[in-house]
Structure formats: structure tokens, C-alpha cells
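Taking it in order: structure first as C-alpha cells, then the write-up.
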Amino acid sequence: MEPKKVRTRFAPSPTGYMHIGNLRTALYTYLIAKKNNGTFILRIEDTDQARYVEGAVDIIYDTLRKTGLIWDEGPDIGGPVGPYIQSQRMGMFKKYAEQLVEMGHAYYCFCDKDRLEELHKIQTASGMPTKYDGHCRNLSKEEVQEKLAAGIPYVIRQKCPTEGTTTFHDEVFGDITVENSVLDDQILIKADGMPTYNFANVVDDHTMGITHVIRGNEYLSSTPKYNLLYEAFGWDIPVYIHVPPVMKDANNKLSKRNGDASFEDLIAKGYLEEAVINYIALLGWAPKGENEIFTLPELIQEFDVSGISKSPAIFDPAKLKAINGEYVRKLSKEDFIRDALPYIRQSCKKEDLNLDLLAELLQPRTEVFTDIPEQIDFIDSLPDYDISLYTHKKMKTNAESSLAVLKEILPILEALPDWKLDSINAAMADLVAKLQVKNGYVLWPLRVAVSGKQFTPGGGTEIAELLGKDETLRRIRIGIEKLSQ
RNA sequence: GGCCCGUUGGUCAAGAGGUCAAGACACCGCCCUUUCACGGCGGUAUCGCGAGUUCGAUUCUCGCACGGGUCACCA
């Protein structure tokens, strides 16, 4: 039998932000489609008007576009099985539900909310499982007609078998079997005539030809009921791929409510889209080989459902940072400068800044762009430092030796005709040779004097070039003054 | 509480009935080096517990513990 062309769908609710778990689901959904030369579909599930948020759909579009998860069919571009916005598909569901009633797989229920609440209370109090008690399950056709005619509000419920078991297969979790007796006769069509999510989802997935359903494993427990629906209609059951949640810590999911970072937040914090995608791919999925750094096209090659983990994965900011660092280092110098400039300007306003040189110093030392401002906060003005910085055991320097060295350096640099890194380096090398000391004996005091810091991107000579001759000399004089006191 | 699912280092995780139980991040040490970082080399650290099957279980089975999910006219 010719296998059906793979069609997957990402079906988010427009809630106003894209959280990491959701984005990962979108990624896996995309990868499974592309891996199989299939179609990746975007469907917006906006039927909960109460939760509707202005602009939320745009956030979904933006995020998917920025991360490269480009959909082949969707609300904005259409496709053969539209509409792709659930609220525009409302007309079709009731007729499917009525068909189910006729076939004996669903029934009208006239129970009002008070009765249901009462039932729930009793069941909870007596420790019984809370489920619909089947009150309207066996109404005769006449009774139903009568109530319908009388205009009594009703819902349509799924008629689940009460005996036996239902088994379904999941690509991640394997075969799962449940007792039919625990299945609730869930509502398919609400009193307002609209479908519940559970029903709409099944009908939408089928009518859109979805072959692989990728979703969070919180849906694992409702899957048997979905399958009963597919079977009742005689539809093909999709391949299920349930993915475990992304956690903040051992006990809590990553969520906006806990104040955890959304995709947008991470980008705002200076992370690169590619790095975020690469990292979240690794959260709950392991590649076959030892490499962990993959671009999106490489992920398509590498991804395999068998590598998806069954257990939850804790989001580790340290690892994300490390991976981001890899991507920052891979950037071309031009791209690095473009992305880093706003962060550079946060703490360095100097006009005639040698961006080229600064970028070379900064790029290997930057894991996240937000590291940058603090690294270069000494450029605009010399920090007020303590002379203890001049003491470095390994360099064999102290305040006294540094003072002597700075006094040697000052006239040499004052006399230096062209202020270029090479000539500064050469001048310092000459001094080192003349004094017959180690490089650091001369260069450590220089760095401290020009930066006022212990750790800087690049060494004293690079900083000297960056600062320019006048400022460098000024700072060396300040150093001499500090050390002379 | 019923049902379902899960449990390999601090984190992500590979793994197979017999392995010195991969790799990455983090951490530590060394090298490189004018500091830090980058890069290179090395190190510490893991199979939840108890039975059973077996010559041998981390791997298979069953209990237990712990954690998660689900039990809406929400999605």
C-alpha cells in the first residue's frame, strides 16, 4: 500500500505569547513533516472568545517566521482544506455530531448544569470517579423528540462503551490500554451548538487530512476517546506522537504564569533565534551522533521520532547560553557587529570607535549579547579602581613594579608616531626586551592603567589602540599618580 | 482519590541482559596566553527502592516510593 503523504499541523490558541513548550511542539511538528517531504499546516484554534487576545495571531506568525518554521498551508496563505481558522469552521460540526447520534455513537443530553453539579458533588464526596452518569444515554427516540420539540436546551455527548478496553499506539509511549469503563461520555456539541475542543479537533484533523498528530502528552488520556470517534466515523486514525513537557524544575512546567521566559523574552535577552531553536530541539530529543549543533535544515535531516524522550526535560539556561555562544562565534564579523552594536552602544557612546577591532575582541568572549555592556563599560570613562589590581602573582607585578613600568611606558608611547596596534605592540616588545622581563610584567600594568579592570576583552595594547593616544596617555598618567601616593 | 505515564551524573541525555555505563552543558585541574574568554587535554559525578527471572541485571517481570498528567457545556 502506498503510504499517504504526511501532513502535520500546529494548532495553537492565540493566547498572546509563544511559550517554549509550544514552540518545541511546533518545531517537532515541522520537522516530522519536512523529514517526510510532507506538508506543515498552521491552524489557529481561536474558539475560546473569552481568551481572545488582540494581536496574538501575529505573535504566532512572527515567531514561526523568525524561527524558519514556515507553514505550507495556513490562514494567511490558504490551502486546499481551509479555512484554517477554527472559528470559521463552525458550521460543519453539528452535522457530524448528528451523524454520530444516528449511528448510535452519541446521544442528546438534556441534563442541566444544576444536576451535573450535584452529581459531581456526590461523586467527589463519595470518592467515586467523576464522570457523567449516563442519565440521558438511553432516552427513547420519542422522549428525545418530545424534549427537542419543547425547546429544552441540550448537548450532544459521545456514547463510550462501558465494558472492555481500548488500546492505542503512540510512537513515543508505545501501546497504551485503558478500561472503557473509565471513559467519560464527553460533550461533543455544547448547548450553544458549538463543538467542544475535543470534537472540533478530531473533525478538523480528519477533514484537513492530518496524518501525524504531534502534541503535548497531557492529551494522552483523552486519546482513547478520540480514537473511538475516528472508529465510529470509519476514519483513519492518525499516527500519534505525544511529547513530554518542558519543565522549569522537577515539579513545575515552564510557563508564562511562573514568570518564565517566552520565545520573545529570550530574543529580547539577546539570544539568537537559531540558537534557541537548536537548544529546544535538544530538550526531550537526542540526536543519534555526538554532534549537538544543528541548523534547521540539518535538524530536518537528523530528526527522528525514535529519539524523543518519554520523560519531562528541565529547561537549562546555562546550556542555552553555551549553545548561543557557539552561534555567536559562528557569526561573520559583519553580522556580529550588526547584532552587537545596540548592546555596545548601551555602555559605550564613544564616537570614533574602532568597531572592527572591538568586534574581534568581543566576539569570542560573548555568549549572549547582554554580556557586552558590562564588558566594555571602561571605554567611555575610566572606572575608579583600587591599586591592588596592579598586583598579580603570576605576572610578578605589584604596585611598586607597576609604577616603575608605567613610567617607562609613558614616554615611549608619547613618542610613538603612528597609533596602530602593531606599532604599540612593537614598542612594548622592545621595552620587554630592554628590561629583560616577561611580557606580563609590562603588559599587566598597562591593561590595568588603561581599563581600571582585572578582566577585559583583549589586552592592554588592544585597549590602547581602541582608546586612542590621548586617552591612553591620560590614563597612564592617572595610574602613575595613583601609584605614587 | 480512580485511571494513564514517567524515574541513568547538578542539567540534557546515549545505551544494551555481560560496556571501564557514551557525549554535551555546568564544575574542577592542566596547557596555550599580557588577564578573562576562545581553543586543546584531563578529572569529579549517574542507573530511585525491594523482590523475582537469570550463570549474570541498570537493561526483563512484579510490587513500592517519588514525580507528572487527566478526570469542564476551556482549549
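Convention: sequence-line order gives letters A, B, ...; per-chain numbering from 1.
To the nearest whole angstrom, the two C1' atoms, one in B:C31 and one in B:A16, are 37 Å apart. Nucleotides B:G39 and B:A24 place their P atoms 12 Å apart, quoted to the nearest Å. When the C1' atom is used for both B:G9 and B:G23, the distance is 13 Å, rounded to whole Å. B:G10 and B:G69 have their P atoms separated by 23 Å, with the value rounded to a whole Å. Nucleotides B:G29 and B:G48 are separated by 32 Å at their C1' atoms, to the nearest Å. Between B:C38 and B:A13, the distance separating the two C1' atoms is 26 Å to the nearest Å. Rounded to whole Å, the separation between the C1' atoms of B:G15 and B:A22 comes to 8 Å. Rounded to whole Å, the separation between the C1' atoms of B:U59 and B:G68 comes to 24 Å.
Ring centroid separation for the pair A:Phe303 and A:Tyr28 comes in under the 6.0 Å cut-off. Outside the 6.0 Å centre-distance limit, the rings of A:Tyr390 and A:His392 are not counted as a close aromatic pair.
In this structure, CD of A:Gln123 is placed 9 Å from P of B:A72, rounded to the nearest angstrom. Straight-line distance from the CE atom of A:Met18 to the P atom of B:A75: 20 Å, rounded to whole Å. We find that CD1 of A:Ile293 is positioned 9 Å from C1' of B:A24, with the value rounded to whole Å. In this structure, A:Lys396 places its NZ atom 13 Å from P of B:U35, rounding to the nearest Å. One interatomic measurement links the two molecules: CG of A:Asn217 to P of B:G6, which rounds to 10 Å at whole-angstrom precision. Put simply, CG on A:Leu446 is 9 Å from C1' on B:U34, counting in whole angstrom units. Straight-line distance from the CG atom of A:Asp175 to the P atom of B:C4: 14 Å, rounded to whole Å. At whole-Å resolution of the value, CZ in A:Arg157 and P in B:C73 are 7 Å apart.
Using a 4.0 Å heavy-atom cutoff across all strands shown, A:Glu326 reaches no nucleic acid atom at all. Within the 4.0 angstrom heavy-atom criterion, no nucleotide atom of any strand lies near A:Phe315. Here A:Cys109 lies out of heavy-atom contact (under 4.0 Å) with every strand. The residue A:Gly459 sits close to a base: some heavy atom pair falls under 4.0 Å. Among the heavy atoms of the strands lying under 4.0 Å from A:Asn198 is at least one base atom, whether or not backbone atoms are also near. At a threshold of 4.0 angstrom between heavy atoms, the contacts of A:Leu220 with the nucleic acid are absent. Among the atoms of the strands shown, only primed sugar atoms or phosphate atoms (P, OP1, OP2) are found under 4.0 Å from some heavy atom of A:His120. Counting non-hydrogen atoms under 4.0 angstrom, A:Gly284 reaches the backbone sugars and phosphates but no base. Residue A:Thr461 is classed as a base contact, given a heavy-atom separation below 4.0 Å to a base. At a threshold of 4.0 angstrom between heavy atoms, the contacts of A:Lys310 are confined to the sugar-phosphate backbone, with no base atom among them.
Relative to the side chain of A:Asn439, the nucleotides B:A75, B:U34, B:G10 differ in distance, and B:U34 lies closest. Closest to the A:His392 side chain, of the nucleotides B:C5, B:G67, B:U35, is B:U35. For A:Arg365, taking side-chain heavy atoms from C-beta onward, the closest of the listed nucleotides B:G6, B:A75, B:A37 is B:A37. Here the side chain of A:Lys113 is nearest to one of B:C71, B:U35, B:C73, namely B:C73. Taking only side-chain atoms of A:Ser13, from C-beta outward, the nucleotide of B:U34, B:A75, B:U11 with the closest atom is B:A75. Nearest to the side chain of A:Met395, among B:C25, B:U34, B:C4, sits B:U34. For A:Lys190, counting side-chain heavy atoms from C-beta on, the closest listed nucleotide (B:U34, B:A14, B:A75) is B:A75. Between B:A13, B:A22, B:G6, one nucleotide has an atom nearer to the side chain of A:Glu290 than all others, and that is B:A22. In this structure, of B:A75, B:A26, B:U7, it is B:U7 that holds the atom nearest to the side chain of A:Ser311. The nucleotide whose nearest atom lies closest to any side-chain atom of A:Ala191 is, among B:C73, B:G6, B:U35, B:C73.
A side chain to side chain contact (heavy atoms under 4.5 Å, CB included) with A:Val178 is found for one member of A:Leu183, A:Leu220, A:Thr223 and no other, namely A:Leu183. The ring-ring contact (aromatic ring centres under 6.0 Å, His included) with A:Tyr279 is formed by just one residue from the set A:Tyr327, A:Tyr271, A:Phe315; it is A:Phe315.
The side chain of A:Arg329 contributes an N or O atom lying less than 4.0 Å from OP1 or OP2 of B:G39.
B:C32: no Watson-Crick or G-U partner with both key distances under 3.5 Å is found in any strand. When both pairing distances are held under 3.5 Å, B:A75 makes no Watson-Crick or G-U pair with any nucleotide shown. Pair assignment for B:U70: B:G2, on the basis of Watson-Crick or G-U wobble contacts that are both within less than 3.5 Å. Pair assignment for B:A16 gives none, since no Watson-Crick or G-U wobble pairing has each distance under 3.5 Å. Using N1 to N3 plus N6-O4 or O6-N4 for Watson-Crick, or N1-O2 and O6-N3 for G-U wobble, each under 3.5 Å, B:A22 pairs with nothing. The base-pairing partner of B:U61, taking Watson-Crick or G-U wobble contacts with both distances under 3.5 Å, is B:A51. Look at B:G9: it lacks any Watson-Crick or wobble partner with both distances under 3.5 angstrom.
Looking only at side-chain heavy atoms (C-beta outward), A:Ile387 and A:Val448 stay at 4.5 Å or farther from each other. Using a 4.5 Å cut-off on side-chain heavy atoms (C-beta onward), A:Lys256 and A:His19 make no contact. Between A:Lys407 and A:Ile480 there is a side-chain heavy-atom pair separated by less than 4.5 Å. Within the 4.5 Å cutoff, the side chain of A:Val155 has heavy atoms near those of the A:Cys109 side chain. When side chains are defined from C-beta on, A:Arg9 counts as touching A:Asp205, because their heavy atoms get closer than 4.5 Å.
At a cut-off of 3.5 angstrom, counting only N and O atoms as typed in the model, there is a donor on one side and an acceptor on the other between the side-chain of A:Lys319 and the base of B:A24. For a distance-only test at 3.5 Å, the side chain of A:Lys394 qualifies as a donor-acceptor partner of the base of B:U33. Residue A:Glu218 places no side-chain atom within donor-acceptor reach of the base of B:G68, judged by atom type and a 3.5 Å distance cut-off alone.
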> Is there a side chain to side chain donor-acceptor pair (under 3.5 Å) between A:Asp371 and A:Thr366 once you walk through the steps?
Replying inline: CA-CA 6 Å; A:Asp371 293 345; A:Thr366 301; 5.8 Å; no
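Residues A:Lys225 and A:Ser309 both approach RNA chain B. Their nearest nucleotides, taken by heavy-atom distance, put A:Ser309 toward the 5′ side. Toward the 5' end of RNA chain B, the nearer of the two residues A:Phe173 and A:Asn425, judged by each one's closest nucleotide, is A:Phe173.
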